[in-house]
Chemist: 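One structure is given below, represented as structure tokens, and several questions about it will come after.
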There are 2 protein chains.
Amino acid sequence: MNEIASPPKQKRTSVGDIVDYLYREITSLRLLPGTRISETDVAERFGVSRQPVRDAFRRLETMDLILVRPKKATEVKKFSARAIEKSRFVRAAVEASALREASKYCDKAGSYQLDACIAMQHKALAEMDARGFAKLDYEFHEAICDIGRVPYAFEVIQVEKAKVDRLCMLGLSKEQRMPELIADHEAIANAIKAHDGDAAVAAGMRHLSRLDETIAAIRISSAAYFDENDG
Amino acid sequence: MNEIASPPKQKRTSVGDIVDYLYREITSLRLLPGTRISETDVAERFGVSRQPVRDAFRRLETMDLILVRPKKATEVKKFSARAIEKSRFVRAAVEASALREASKYCDKAGSYQLDACIAMQHKALAEMDARGFAKLDYEFHEAICDIGRVPYAFEVIQVEKAKVDRLCMLGLSKEQRMPELIADHEAIANAIKAHDGDAAVAAGMRHLSRLDETIAAIRISSAAYFDENDG
DNA sequence: GGATACAAACTTGGATACAAGTATTGACTG
DNA sequence: CAGTCAATACTTGTATCCAAGTTTGTATCC
């Protein structure tokens, strides 16, 4: 019943460590949705008492990563269609605003930043470096927020993205999608550089919509990991 | 050192109760930013052990309402200029999206809903019922999200609004502002009913910008409650 | 053979005792 | 009188024990 991998060796155990560890395990999908985890079990594996584990669970609970059912069990939270919709909406809203701001404030330096990032994405495509591409994708969206002078926007995008990333790891690799994603980025960059906010938003929304297909596919193929009750 | 008011009488004490109680105390500003609160103190006042209080603290911590400094003390979190900016940005982005959606989908029923809400706001103004107006203001924004078919948008707005509401209670009462706020609402409603998304967003952003002046004033008058380090 | 009831083993919730670190306050010394 | 150092009183962090509830397995009875 416990597919929990042993934690890496570390002397300094603390609530933060446990949270970080479980966070990585869950978001990386090494702990699948629905997996039951026990306070005593985690405590033993970390060589600490239940107390710090309890604290860690509380924090993970507010992150919507685990579901604590009193007196019953604690398990990795399943995906919720409604939560995904909400996350997508927030991300779309924030990204749209960031794109508008970026279109307003983009200057020479910003244009160069975008072009450079896209150039490296082409390079990653040529080398079939999916991992590198993921990082560049990350940096591209960060650059947009920087150019738009809304650094907190990227923080929000990151948080929302993390929720969906867990889901997307169930789908097929990004490698096949790289070409069209780069094309999206180019359309976005061009609109920003042309100071055309509406076009930038339109391109950005097209970019986001690609996620919808992926999620829809996963929802069918991995229905077991979805919570039909929602929540 | 402890200005914590005694909790209301209640037999069934639980983590949720403590969270709710402290949440109200903090957001209502009965517990001022910087006030030190102790686990043992709260535990005694509730007649429980430190354990449930700790759990409650963890949850309030992730809500950004308290700041736990290990081995030192726990205090009500001060206001952070950066957090306020971030909250404002998120709220603006989400509200803009909701306004666009509402402008798309508004029908007869939606128009009536908006008009009815505004009519009641006029009534609250005539009666100088600030408390009732606050609730109607709340309902107005909820109606927009309903019409736009983005119920989760209102959840986000609520969360972000709560953060700023705590701050705004330091400022002058809303009573003086009611007329201009109603005028804003009318402009927003008219734009939505005319299916003019751009105008709705513009009016909505004007509405939000009124908050900026209020916050700026508070920041000067109540600098003691602001965290100069930010974070 | 099937259903029901009881018991044992699991889970988290809560209480208490102890450990570790910080700040404050007091005394002592220059 | 001022400065420094140490002790004490505070804080949260951790460990352990007990309580309460759910599930599950097993034995017994029909």
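Numbered from 1 within each chain, the chains take letters A, B, ... in sequence-line order.
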Chemist: How close or far is atom P of D/dC10 from atom CD1 of B/I37, stated in whole angstroms?
Modeler: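 Distance check: B/I37 CD1 to D/dC10 P gives 18 Å.
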Chemist: Expressed as a whole number of angstroms, how long is the span from A/R54:CZ to D/dT16:P?
Modeler: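 Distance check: A/R54 CZ to D/dT16 P gives 16 Å.
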Chemist: So, using salt bridge (charged side-chain N to carboxylate O under 4.0 Å, His left out) as the criterion, who are the partners of A/E61 when residues are at least two apart?
Modeler: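 Residues passing salt bridge (charged side-chain N to carboxylate O under 4.0 Å, His left out) with A/E61: none at all.
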Chemist: Check side chain to side chain contact (heavy atoms under 4.5 Å, CB included) between B/R91 and all other residues, then give those that pass, not counting sequence neighbours.
Modeler: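 B/R91 satisfies side chain to side chain contact (heavy atoms under 4.5 Å, CB included) with B/E95, B/I157, B/E160, B/K161, B/L208, B/L211 once adjacent residues are dropped.
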Chemist: Take nucleotides 18-25 of chain D nucleotide by nucleotide from the 5' end and write B, S or -, depending on whether a protein heavy atom sits under 4.0 Å from the base, only from the sugar-phosphate, or from neither.
Modeler: --BBSS--
Chemist: How many whole angstroms separate atom CG of B/D41 from atom P of D/dT12?
Modeler: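 Rounded to whole Å, this separation is 9 Å.
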Chemist: To the nearest Å, how far apart are B/E44 CD and C/dA15 C1'?
Modeler: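 In whole Å, C/dA15 C1' and B/E44 CD are 14 Å from each other.
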Chemist: Quick one: B/D17 CG to C/dG13 P, roughly how many Å, whole number?
Modeler: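 So the CG-P distance, B/D17 to C/dG13, works out to 14 Å.
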Chemist: According to a strict under-4.0 Å criterion, is A/S38 in side-chain N/O contact with OP1 or OP2 of C/dT11?
Modeler: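 Indeed, a polar side-chain atom of A/S38 lies that close.
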Chemist: Could you state the atom-to-atom distance from CD1 of B/I66 to P of D/dT11 in whole Å?
Modeler: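 Rounded to the whole Å, the gap is 15 Å.
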Chemist: Can you list everything that forms a ring-ring contact (aromatic ring centres under 6.0 Å, His included) with B/Y105? Sequence neighbours excluded, please.
Modeler: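 In terms of ring-ring contact (aromatic ring centres under 6.0 Å, His included), with neighbours along the sequence ignored, B/Y105 is linked to no residue.
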Chemist: Is the distance from OP1 or OP2 of C/dG14 to the nearest side-chain N or O of B/S49 less than 4.0 Å?
Modeler: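 The answer is no; no side-chain N or O of B/S49 sits under 4.0 Å from OP1 or OP2.
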Chemist: With a 6.0 Å cut-off on ring centres, are A/Y138 and A/F133 close enough?
Modeler: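 Between A/F133 and A/Y138, which both carry aromatic rings, the centre distance is not below 6.0 Å.
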Chemist: Could you tell me which non-hydrogen atom of A/I218 sits nearest to which non-hydrogen atom of A/L167, and how far apart they are?
Modeler: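 Between these two residues, the closest heavy atoms are CD1-O, 3.4 Å.
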Chemist: Could you tell me which residues satisfy side chain to side chain contact (heavy atoms under 4.5 Å, CB included) with A/E85, sequence neighbours excluded, listed by chain and number?
Modeler: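 For A/E85 the side chain to side chain contact (heavy atoms under 4.5 Å, CB included) partners, ignoring immediate neighbours, are B/Y152.
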Chemist: Under 3.5 Å, side-chain donor or acceptor atoms of residues 142-150 of chain B against the rest of the protein: list the pairs with distances, not counting sequence neighbours.
Modeler:
none

Chemist: Kindly point out which of C/dT12, D/dT12, D/dA15 is positioned nearest to the side chain of B/T40?
Modeler: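 Per side-chain heavy atoms of B/T40, the pick is D/dT12.
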Chemist: Under the rule for side chain to side chain contact (heavy atoms under 4.5 Å, CB included), what residues qualify as partners of A/E39, not counting sequence neighbours?
Modeler: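 Here the qualifying residues are A/R50, A/V53, A/R54, A/F57.
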Chemist: Please list, chain by chain and in numerical order, all residues satisfying side chain to side chain contact (heavy atoms under 4.5 Å, CB included) with A/D212, sequence neighbours excluded.
Modeler: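 By the side chain to side chain contact (heavy atoms under 4.5 Å, CB included) rule, A/D212 matches A/R88, A/S209.
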Chemist: Return the nearest nucleotide to the side chain of A/V48; candidates are D/dG13, D/dA15, C/dG14.
Modeler: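 Nearest listed nucleotide: D/dA15.
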Chemist: Of all the base pairs, Watson-Crick or G-U under 3.5 Å, which form stems of three or more consecutive pairs involving DNA chain D?
Modeler: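 If one scans DNA chain D for consecutive Watson-Crick or G-U pairs, the stems found are C:1-30 with D:1-30.
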Chemist: Give the rounded distance in Å between these two atoms: CG of A/D55 and P of D/dT12.
Modeler: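 One finds 13 Å between P of D/dT12 and CG of A/D55, rounded.
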Chemist: With nearest nucleotide decided by heavy atoms, which residue, A/T74 or A/Q51, maps closer to the 5′ end of DNA chain C?
Modeler: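 Residue closer to the 5' terminus by nearest nucleotide: A/T74.
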Chemist: Could you tell me the separation between the CD atom of A/E39 and the P atom of C/dC10, rounded to a whole number of Å?
Modeler: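 Whole-Å distance recorded here is 16 Å.
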